[in-house]
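Order of the sequence lines sets the chain letters (A, B, ...), proteins ahead of strands, with each chain counted from 1. The model shown is predicted, which means the values in this text are computed figures rather than measured ones.
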Amino acid sequence: MADSRIYSAAALSARAALAGVEPEPGVLKHDSILHVKGVERHFGGITAVNVDQLDIQRGSITALIGPNGAGKTTLFNVLTGFDPPDAGKWQFDGTEMSKVSAHKMAVKGMVRTFQLTKSLTKLSVIENMKLGAIDQVGESWWNALFPLRWKAQEAIVEKRADELLSRFTMGHMRDEYAGTLSGGQRKLLEMARALMTQPRLVMLDEPMAGVNPALKQSLNEHIRSLRDEGMTILFIEHDMDMVHDISDWVVVMSEGRIIAEGTPAQISENTSVIEAYLGAHQGNTMFEEKH
Amino acid sequence: MDWIRIFENTMRAFAGVDAAYFALAAIGLNVQFGYTGLLNFGQAAFMACGAYGLGLTSQYFNVSFWWGIPIAMVLVIILALLVGIPTLRLRADYLAIVTIATAELVRLVVRSVKFKRIFGGSDGINTFSNEFRALNPFQPSAQYGIWPFRYNGYTMFTLLVGWGLVVMIAMFVWLLMRSPWGRVVKAIREDEDAVRSLGKNIYSYKMQSLIIGGFCGMLSGMVFALDRGSVQPDNYSRDVTFYILTALVLGGMARVMGSIVGPMMFWGLYVFCDNFLRQLVQSAPLRVGGVTIIQSTQVGAVNYMLVGLGLILLMAKRPQGVFGNRQEMALDGR
């Protein structure tokens, strides 16, 4: 892949940290922020997720790819507490998370977005954003009755929300209902809202689905800039251009298992990945075009 | 036809005790359904908690009437936990089913012969309001107010208490809904999972909303019981919940003013139609050609038809209610 882009310092250090890692499923990273061990999720007789080990490098952009039904979203749901696992443990920054309920994940610094965008349509864009801030005094019903107790914090939250909105070029929409936004703008809003929780790990479930090409480019830039600010990004994506473009590391799932890991270049050459996508002995056109 | 009489009665109903206790219950439903999206079809049960909280003071505990307030609060919390714990983790429909069943259960328990000693059976309780009557600053038999809003002394007193509570509770809800707490519950109405992913314990917020709305229902039941001077189990049946819900939709959901003006309009419309029909058939049944359209015994039923028609027309013209926001309403389809 001809690569003439200028990398940020964070990108270079993430790539350097991953350079020496063996491209094998479940391989341990030098500095992991999320460590998953033996997570299983069954639906009746179907094993949706069966991950022996998964390590996510801190400060990297990791892509989670795989054919439809590979269990990517189910793994997300399990890791973020939305779906109880049948077995397994995972640690986030050294904290055991397998017993933590979904609403405490964001408080601990791990936030997710959804494949089907969940913008809160009857709230304005700025209210959507302010909802994201955690530890708000005025969110207790008793304190809510005394505006003096929460007005100061609210102003700080609003300032941060406005900054994030203008960074995502949505400042002009701040007072519109979120329900009036386009699909792509909703994706942006959801990502910006997730950032209001001040996370260390951002988990994006198909951030590019239904987004027009122009907006895709700017979403890419936004995701890169998050890493440059020190956040770790784990995202599910089907758009291979994007995966090649921005990820430092790629994890491939198929039928609930992790079948391959490696840098984007290593994954393009991995025959088991091509087989998973296209079925065995089906040729190797999928990644060839990129070279 | 005595139009002045009809006008007087309509105006009196518009600002009457019925409108006040409906408004209190509607504010509660508005917190639960309008803001949080909790489909509570059992507001009548929370009203019964308030009324029986007062009734139990004289019937069972034999204590001062003022104990009715804490007793009723405990009953409300028990009821809210009872219906909320199993259902609030599930989809909204389950709460609707459970609340409608629970409200009937509550009514059947309090009117049962088995518990007659505690709840007074189907006769209800009517011995609790003496202390309240003693507080009345007005002459019970005299007329007060300015035309057309003229009421007797006791009604004037319950009106003052009722509308006073409406103003207080409306302020309370208004403060809540413009705070970060209100933002969270409104967001829960839109999408629970999104709110959960942003670090809010939605189960707790839904429970808080259910209890706060229940307290409003409780006050409503108290005002109603004090005005009538008695607690009757059959005053807390399903239709009460649905009339209140109707009044709320009429006024406009998720608006504080909507839940106050809606009940006023509901009762205004109801009494206007009732008075009009009664006067129409006072002397003789209404006939067109050889066909009897309506006679005096049918006024009650036809009245509901007319009120229903009026509501349908209003909803066709203003689906968002009087105070609702049409733009907000239109977002539902997306």
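For A/Thr117 and A/Ser119, the side-chain atoms include no donor-acceptor pair closer than 3.5 Å. Inspection of the A/Gln91 and A/Thr95 side chains reveals no N or O donor paired with an N or O acceptor under 3.5 Å. Between the side chains of A/Arg193 and A/Thr113, no donor-acceptor pair of N or O atoms lies under 3.5 Å. In this model, a donor atom of one side chain and an acceptor atom of the other lie less than 3.5 Å apart for A/Asn77 and A/Arg112. A donor atom on one side chain and an acceptor atom on the other are found under 3.5 Å apart for B/Glu190 and A/Thr121.
Contact annotation for A/Trp150: only side-chain heavy atoms (C-beta onward) come within less than 4.5 Å of a heavy atom of chain B. Heavy-atom distances place both the backbone and the side chain of B/Arg178 under 4.5 Å from chain A. Proximity to chain B (any heavy atom under 4.5 Å) is restricted, for A/Ser140, to the backbone atoms N, CA, C and O. Interface remark: B/Asp193 contributes backbone and side-chain atoms alike to the contact with chain A (heavy atom separation under 4.5 Å).
Taking the six-membered ring for Trp and the full ring otherwise, B/Phe22 and B/Phe266 have centroids separated by under 6.0 Å. Taking the six-membered ring for Trp, B/Phe172 and B/Phe215 have ring centres at least 6.0 Å apart.
For residues 125-133 of chain A, a heavy-atom distance under 4.5 Å to chain B picks out A/Glu127, A/Lys130, A/Leu131, A/Gly132, A/Ala133, given by residue number.
Remark: A/Lys118 does not engage A/Glu190 in a salt bridge, criterion side-chain N to carboxylate O under 4.0 Å.
If you tally non-hydrogen atom pairs under 4.5 Å between each of A/Leu123, A/Ile134, A/Val137, A/Thr80 and chain B, the highest count goes to A/Leu123. Heavy-atom pairs under 4.5 Å with chain A peak, among B/Arg189, B/Lys200, B/Arg183, at B/Arg183.
Screening B/Phe224, B/Tyr236, B/Tyr243 against B/Tyr21 for a ring-ring contact (aromatic ring centres under 6.0 Å, His included) leaves a single residue, B/Phe224.
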